[in-house]
Amino acid sequence: MTLHCQPERVEALVAQWRAESAEPICAYVYDLQALQQHVRWMRAALPDGCELYYAAKANPEAPVLQTVAPWVDGFEAASGGELRWLHEQQPAHPLLFGGPGKLDSELALAAALPDCTLHVESLGELARLASIADALGKPVPIFLRMNIAVPGIGDTRLMMGGKPTPFGMDEADLPQAVELLRRHPRLRLEGFHFHLMSHQRNAAMQLELVRAYLDIANRWKAAYGLDFAVVNAGGGFGVDYAEPAASFDWLQFCAGLRDVLQQHAHGLRLRFEPGRYVSVACGWYVMEVIDIKRSHGEYFAMARGGTHHFRTPPAQGHDHPFRILRGHRAPLIEHERVTLVGQLCTPKDVLARAQPVDALAPGDCLLFSLAGAYAWNISHQNFLMHPAPRMAFLEAAPVAQDTLAVRVA
Ligand SMILES: Cc1ncc(COP(=O)(O)O)c(C=O)c1O
């Protein structure tokens, strides 16, 4: 099993809402129990010598952060806003702060926080941070984010490196960066950061990448006489929305990591900062069907809500997986193909096109799975001034202190 995604608790909640009100349902439901199970499973599989951070950009909801917190070493922020939010929500956890185009005020905020490591994206940013660290008069831990080309590792749909992008520095910038670090000892180089791609579904290829990161970091260590302890190998573990079982094979990856560490780490620790793979399976977007009609020979089901709440389908350019929770009305259509749309006045408001359904009627609910990452928080929520969806968090079991002690050890 790669993702923990069971519908029963969500269906029970939707049934309860239906019994309470006739108002059509539109909601996000987050199964925190499933999230806890999944992040614990991810953590348990990781070999010694590895750290796990959660990239909050995937889903920064407070209960999500709270649920993953016991099982991660910290959180990654990609903006000043996320940094403030994470510091407020999880003050006891270490933070990482990456992303291009950081403001001086954001660099200063991160540098002043008690446990925040900055991922520096360019020579210009490094110079600005050096002045800020000197003025602050305290050591500032940093990683240099590098954009390297690794031959033979293939492309995914979302490449952040290995070609011209705004992310990270070229290897050719490294001599200048090292020189600047020597002149500004308050900047403490703790490691190198790499995140070349997201949507990686090939565990063997990802192992090759990690091996390449360790090799090049060790080469730089020797060539420049650097002293650092960690390589951050980013996130990007991919999810197959059409066939969840074909998603990134975390267990295969973790098993392979043991060998990679043994042969290539030479004392370096590995850090990962996934987002999507952690939280995607815990979230469901629920829409109640309002109307069904035929248009020029094709069926459409109009449901409450739409892509202004759930932009994932158009963002990914896919038909989002769903299940139907039937209501009480006799089917209006049976064994037909139907396009599932929302309430927006644009033909782009499509969540899944020409999907085969056994039976569908107004009052049925569409439960879109894998809606826990890059979903609500990437959506254009104010378009048309529709109300926000209801938000529900199905509680996780409390975590026993002795389990936590085992994890921390
Ligand atoms: C630097 C960095 N780290 C981590 C992530 C998280 O990626 P994912 O959600 O695909 O795991 C991203 C995503 O854009 C990123 O840019």
Side-chain angles (χ1 to χ4, degrees), residues 2-3 35 38-39 42-43 46 50-61 64-65 68 72-83 86 94-102 106 110 116-122 125 142-148 155-163 165-169 191-203 205-206 209-210 213 230-241 247-250 253-254 270-283 311-312 315-316 318 370-378:
T2 53
L3 298 165
L35 177 62
H38 185 64
V39 70
M42 287 183 73
R43 181 83 215 190
L46 260 187
C50 295
E51 301 170 6
L52 184 65
Y53 281 65
Y54 172 56
K57 59 173 80 73
N59 186 332
E61 295 283 351
V64 168
L65 300 179
V68 303
V72 295
D73 295 285
F75 295 91
E76 189 250 3
S79 73
E82 279 191 357
L83 188 64
L86 288 171
L95 301 180
L96 311 175
F97 181 31
K102 297 183 197 76
E106 294 169 337
C116 178
T117 301
L118 287 103
H119 295 166
V120 180
E121 303 266 352
S122 72
E125 190 173 281
I142 65 159
F143 278 47
L144 297 179
R145 179 172 181 182
M146 304 304 293
N147 177 355
I148 57 168
D155 275 11
T156 65
R157 280 184 293 128
L158 201 60
M159 296 299 294
M160 281 83 165
K163 60 180 188 178
T165 71
F167 313 112
M169 297 181 205
F192 285 95
H193 174 274
F194 305 88
H195 177 88
L196 293 191
M197 61 184 75
S198 279
H199 293 303
Q200 171 65 274
R201 275 185 274 152
N202 186 329
M205 210 61 106
Q206 192 67 15
L209 262 183
V210 172
Y213 297 158
V230 183
V231 163
N232 184 326
F237 310 114
V239 169
D240 189 322
Y241 285 89
S247 296
F248 187 82
D249 191 334
W250 182 250
F253 178 66
C254 290
L270 269 178
R271 179 175 291 171
F272 298 100
E273 49 177 30
R276 187 186 310 271
Y277 197 80
V278 176
S279 58
V280 72
C282 79
R311 197 170 72 86
T312 315
Q316 294 295 325
H318 70 198
L370 303 175
Y374 305 107
W376 167 242
N377 65 327
I378 63 156

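Counting from 1, the numbers follow the sequence of the chain as shown. All ligand and atom numbering here is 1-based and tracks the order in the structure. Source: prediction; values computed, not measured.
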Undergrad: Salt bridge (charged side-chain N to carboxylate O under 4.0 Å, His left out) with Arg311: which residues, sequence neighbours excluded?
TA: none

Undergrad: Once salt bridge (charged side-chain N to carboxylate O under 4.0 Å, His left out) is applied, do any residues pair with Arg276, and if so which ones, sequence neighbours excluded?
TA: none

Undergrad: Tell me whether Gln200 reaches ligand 1 (any heavy atom closer than 4.0 angstrom to a ligand atom).
TA: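 Contact absent.
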
Undergrad: For the residue pair Thr312 / Tyr241, report whether a side-chain donor-acceptor contact shorter than 3.5 Å exists.
TA: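 No, because no side-chain N or O of Tyr241 sits under 3.5 Å from a partner of the opposite role on Thr312.
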
Undergrad: Would you say that Asn232 contacts His119 through its side chain, given a criterion of any heavy-atom pair below 4.5 Å between the two side chains?
TA: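 Yes, their side chains come closer than 4.5 Å.
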
Undergrad: Would you mind reporting whether Leu96 and Tyr53 have side-chain heavy atoms less than 4.5 Å apart?
TA: yes

Undergrad: Tell me, which protein residue and heavy-atom name are nearest atom 10 (O) of ligand 1, and how many Å apart are they?
TA: Ser198 OG, 2.9 Å

Undergrad: Can a salt bridge be assigned to the pair Lys57 and Glu82 using a cut-off of 4.0 Å between side-chain N and carboxylate O?
TA: no

Undergrad: In the protein, which heavy atom is nearest to atom 6 (C) of ligand 1, and how far is it?
TA: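 Answer for atom 6 (C) of ligand 1: Tyr374 OH, 3.7 Å.
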
Undergrad: Would you check whether His199 has a nitrogen or oxygen atom less than 3.5 angstrom from a nitrogen or oxygen atom of ligand 1?
TA: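 No, there is no polar N/O contact under 3.5 Å.
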
Undergrad: Which heavy atom of the protein is the closest neighbour of atom 1 (C) of ligand 1, given with residue, atom name and distance?
TA: Glu273 OE2, 3.5 Å

Undergrad: What's the shortest distance from atom 16 (O) of ligand 1 to any protein heavy atom, and which residue and atom give it?
TA: His195 CD2, 3.6 Å

Undergrad: Please report which non-hydrogen protein atom sits nearest to atom 8 (P) of ligand 1, along with the residue it belongs to and the distance in Å to one decimal place.
TA: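 Heavy-atom neighbour on the protein nearest atom 8 (P) of ligand 1: Gly236 N, 3.5 Å.
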
Undergrad: For residues Phe253 and Phe272, establish whether the separation of their ring centroids is below 6.0 Å.
TA: yes

Undergrad: Would Arg145 count as a contact of ligand 1 if the rule is a heavy atom under 4.0 Å away?
TA: yes

Undergrad: What atoms of ligand 1 come within less than 4.0 Å of a heavy atom belonging to Arg276?
TA: 8 (P), 9 (O), 11 (O)

Undergrad: Say whether Ala55, considering both its backbone and side-chain N or O atoms, lies within less than 3.5 Å of an N or O atom on ligand 1.
TA: no

Undergrad: Please report which non-hydrogen protein atom sits nearest to atom 14 (O) of ligand 1, along with the residue it belongs to and the distance in Å to one decimal place.
TA: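 Answer, as residue, atom name and distance: Met160 CE, 3.4 Å.
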
Undergrad: Using distance alone, determine whether Gly235 and ligand 1 share an N or O pair under 3.5 Å.
TA: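 By distance alone, the answer is no.
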
Undergrad: Within a distance under 4.0 Å of any heavy atom of Pro274, pick out the atoms of ligand 1 and give their elements.
TA: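 Checking each atom against Pro274, I get 11 (O).
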
Undergrad: Are Phe237 and His199 close enough that their ring centres sit under 6.0 Å apart?
TA: no

Undergrad: Side chain or backbone of His119 under 4.0 Å from ligand 1, or both, or neither, by non-hydrogen atoms?
TA: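 Neither part.
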
Undergrad: Side chains of His193 and Glu273: donor-acceptor distance under 3.5 Å anywhere?
TA: yes

